[in-house]
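All remarks here apply to the structure that follows.
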Amino acid sequence: MTNPAQSETAVFPPSPETIARAHVDAAKYDAMYAASVADPEAFWTEHGKRIDWIKPFTKVRNVSFEPGNIHIEWFGDGTLNVAANCIDRHLETRGDQTAIIFEPDDPDEAAEHITYAQLHRRVCRMANILETMGVRKGDRVVIYLPMIPEAAYAMLACARIGAIHSIVFAGFSPDALAARVNGCDAKVVITADHAPRGGRKTPLKSNADAALLHCKDTVKCLVVKRTGGQTTWVEGRDHDYNEMVLEANDYSRPVEMNAEDPLFILYTSGSTGQPKGVVHTSGGYLAYAAMTHEITFDYHDGDVYWCTADVGWVTGHSYIVYGPLANGATTLMFEGVPTWPDASRFWQVCEKHKVTQFYTAPTAIRALMGQGKGFVEKCDLSSLRLLGTVGEPINPEAWTWYNEVVGQGRCPIVDTWWQTETGGHLLTPLPGAHATKPGAAMKPFFGVQPVVLDPQSGEEIHESPTEGVLCIKDSWPGQMRTVWGDHERFEKTYFSDYKGYYFSGDGCRRDADGDYWITGRVDDVINVSGHRMGTAEVESALVAHAAVAEAAVVGYPHEIKGQGIYCYVTLMNDREPSEELRKELRSWVRTEIGPIASPDVIQWAPGLPKTRSGKIMRRILRKIAENDYGALGDTSTLADPSVVDDLIANRAAT
Ligand code: 6R9
């Protein structure tokens with residue numbers, strides 16, 4: 001699928017038109033980057049001013065990456081309100097400008113244009129409803145909604161009253177939802193009757209009902225009407241948003257928050273244990289999301305910007321809601337999927353709303369590429385000026401198709417590498433400043449100091465070309481601050497393998513020109529269609545089934561999804577393998593975690609390769625799943641080497 005030799009030589013310099021329009025050209029990038037690392041205090045004093053402070057900060061940063069004392073603070077004595085920054089401050093100049101374009105799942109349903117003035121009223125009403133339900137500053141609110149404007153209202157309403165939101169992707173199961181509600185001890189869950197997607201409906205409210213059975217009985221539920229479909233109702237616990245909104249006051253005073261007060265918690269998968277609650281705070285996060293949104297996407301007034309992510313992921317937080325709205329942009333929210341009613345839906349939406357910047361994931365590009373270019377070519381994409389990708393490495397073939405067929409060779413592609421933990425882009429080409437290379441995340445954003453470490457020695461490698469693990473030296477304002485309720489886990493996960501650095505969990509290459517290429521995770525996290533999945537999570541779901549004695553899960557290359565989920569399952573003595581059981585286990589995992597965790601392959605494994613101390617040797621399992629037996633490496637420490645032969649002989653087709 002990839003051809004590194006070819007991709008190394010293909011270089012696409014920015015066009016003169018792109019350079020002329022861009023906020024940042026090559027000379028400006030070089031000067032600004034140098035300044036940002038030479039004197040971060042001065043640099044961020046200036047750029048911290050892109051947001052409105054109630055009480056301006058006097059301290060820029062207070063950071064320690066020292067083991068035992070991990071501490072990250074930006075603009076620590078400043079106060080602000082994030083919602084006021086995303087709405088109120090625009091009212092005077094752009095009250096009638098569209099803030100959000102809502103494009104529903106069904107193309108026959110009318111799109112909605114929500115102005116900043118309307119957004120203000122709706123967010124205020126939602127804020128007042130939450131207060132009526134007892135939500136106060138510092139309380140947690142879980143949002144479990146479809147991709148509808150109310151999801152943005154809910155986020156901003158929380159920010160307005162100082163509550164901390166935690167969005168749970170609507171594709172997650174009741175169990176996963178309950179774990180997150182309990183994990184952050186939420187007071188309220190906001191959901192909808194149903195979530196329409198790709199012509200199908202997910203019963204969100206009944207999922208929430210099932211989840212709430214496993215939560216404290218004080219948790220309340222606010223229900224938004226989306227389809228009007230039937231739901232059950234628990235008197236006292238359930239609140240009807242559509243009814244309450246008629247009565248709610250349309251002004252709510254934004255609460256003064258400290259820069260370091262948490263804005264949101266977002267659960268994400270790691271290499272061990274259950275998902276962890278990544279905590280982002282208010283000031284640094286917002287400044288960083290806004291700055292990267294404007295510069296990476298070269299956003300200008302009058303543009304129509306579309307990020308196809310779901311607000312359940314960090315990309316939706318930073319680049320559908322907070323970054324764009326802080327900049328007074330017009331941001332498009334799309335409820336549907338790329339392939340329904342057919343594979344031209346994305347391009348029809350681009351044509352219909354005259355989208356100028358389009359930001360999506362490689363998995364979507366690959367899926368659409370497979371449908372042929374006819375679906376693209378029948379739409380008028382002349383409004384497009386820039387394309388972006390995020391979520392996983394993009395293979396040069398998909399990059400080239402994106403560039404030639406979608407961008408018509410005219411639109412720079414920003415391949416943005418970042419993570420839930422980083423809050424915003426860390427590596428990306430800037431459209432007017434850098435040439436692009438198919439598959440490369442290219443250059444650090446301002447203030448970001450990437451380093452490549454030798455995985456064994458942990459030493460920084462200074463020369464190029466080179467390859468190793470990707471770490472970041474020093475902090476940037478959008479960095480996560482802690483793991484909710486578990487600062488020790490924060491330190492252990494990100495700062496203990498390579499002392500003095502933030503460890504990303506990704507491997508990377510730096511080529512002879514000094515440009516960065518992400519090679520993928522080096523830990524037990526797999527990336528399925530751009531969604532992060534801890535192999536440990538899938539394993540614990542599998543072993544929770546009565547028929548399963550043991551399970552080991554690894555990723556393998558998948559043409560559309562990037563990586564697929566390959567499960568080795570050892571059954572209990574009294575159980576026999578069967579197609580039926582395989583189906584049952586698949587649907588079991590879907591119910592335990594959600595459809596995104598659905599196993600692609602289940603191989604029955606009478607035994608798993610283990611060391612004499614009982615550790616599963618995943619390296620070997622990965623190689624078998626990848627169909628790469630030549631490179632099994634050292635198997636001498638295996639307790640029973642014959643296990644491997646059996647697994648190879650019975651390898652499932654992928
Ligand atoms: C924003 C987001 C983070 C992981 C990250 C990496 C992979 C993201 C990428 C990329 C190569 C890119 N990743 N962007 N890999 N090129 N442009 O996706 O956050 O869900 O936390 O995932 O995704 O492996 O470590 P998140």
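FYI, the numbering just counts along the sequence from 1. From a predicted model like this one, the values you see are computed outputs, not experimental measurements. Both ligands and their constituent atoms are indexed starting at 1 by order of listing.
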- Just jot down the ligand 1 atoms closer than 4.0 angstrom to any heavy atom of Ile518, in number order. 11 (C), 15 (N)

- Any atoms of ligand 1 less than 4.0 Å from a non-hydrogen atom of Val314? List them with their elements. 1 (C), 19 (O)

- Would you mind telling me if ligand 1 is within reach of the side chain of Ile394, the backbone, both or neither, using heavy atoms under 4.0 Å? neither

- Hey, what's the ring geometry for Tyr319 with His425, parallel, tilted or perpendicular (30° and 60° as the breaks)? parallel

- Task: Please indicate whether any nitrogen or oxygen in Gly520 is less than 3.5 Å from any nitrogen or oxygen in ligand 1.
- Result: no

- Consider every N or O of Asp506 and every N or O of ligand 1, then say whether any pair is closer than 3.5 Å. yes

- Message: For Arg481, run the side chain to side chain donor-acceptor pair (under 3.5 Å) check against His280, Glu260, His487 and tell me which one passes.
- Response: Glu260

- Message: Any nitrogen or oxygen of Asp415, side chain or backbone, less than 3.5 Å from one on ligand 1?
- Response: yes

- Message: As a check for students: among Trp417, Trp313, Trp418, identify the option with a heavy atom nearest to atom 2 (C) of ligand 1.
- Response: Trp418

- Listed by chain and number, what are the side-chain contact (heavy atoms from CB on, under 4.5 Å) partners of Pro455, not counting sequence neighbours? Val469, Tyr498

- Of the side chain and backbone of Thr420, name the one, both, or neither that has a heavy atom under 4.0 Å from an atom of ligand 1. both

- Where's the contact between Val525 and ligand 1, heavy-atom distance under 4.0 Å: side chain, backbone, both or neither? neither

- Item | Residues Trp399 and Asp415: side-chain donor-acceptor under 3.5 angstrom | no

- Message: Can a side-chain donor-acceptor contact be found between Thr315 and Tyr359 if the only test is distance below 3.5 angstrom?
- Response: no

- Message: Need the ligand 1 atom indices (1-based, order shown) with element for anything under 4.0 Å from a heavy-atom of Thr315.
- Response: 1 (C)

- Message: List ligand 1 atoms under 4.0 Å from Thr416, heavy atoms only on the residue side.
- Response: 9 (C), 12 (C), 14 (N), 17 (N)

- Task: Select one of side chain, backbone, both or neither to describe which atoms of Glu392 lie under 4.0 Å from any atom of ligand 1, heavy atoms only.
- Result: backbone

- Task: Verify side chain to side chain donor-acceptor pair (under 3.5 Å) between Ser464 and Arg510, making sure each step is shown before the conclusion.
- Result: CA-CA 6 Å; Ser464 299; Arg510 191 170 52 218; 2.8 Å; yes

- Between Phe334 and Trp306, what is the ring plane arrangement, given parallel below 30°, perpendicular above 60°, and tilted in between? perpendicular

- Note on the structure: ligand 1 atoms nearer than 4.0 angstrom to some heavy atom of Asn527 are 7 (C), 23 (O)

- Indicate whether any N or O donor in one side chain lies under 3.5 Å from an N or O acceptor in the other, for Tyr267 and Thr420. no

- Query: In the protein, what heavy atom is nearest to atom 7 (C) of ligand 1, and what distance, to one decimal place, separates them?
  - Reply: Gly391 O, 3.2 Å

- Query: Taking the six-membered ring for Trp, are Trp418 and Tyr288 ring centroids under 6.0 Å apart?
  - Reply: no

- Query: Should the ring pair Phe264 and Tyr285 be called parallel, tilted or perpendicular, given that the plane angle runs from 0 to 90° and is split at 30 and 60?
  - Reply: perpendicular

- Query: What do you reckon, does Arg532 have a nitrogen or oxygen under 3.5 Å from a nitrogen or oxygen of ligand 1?
  - Reply: yes

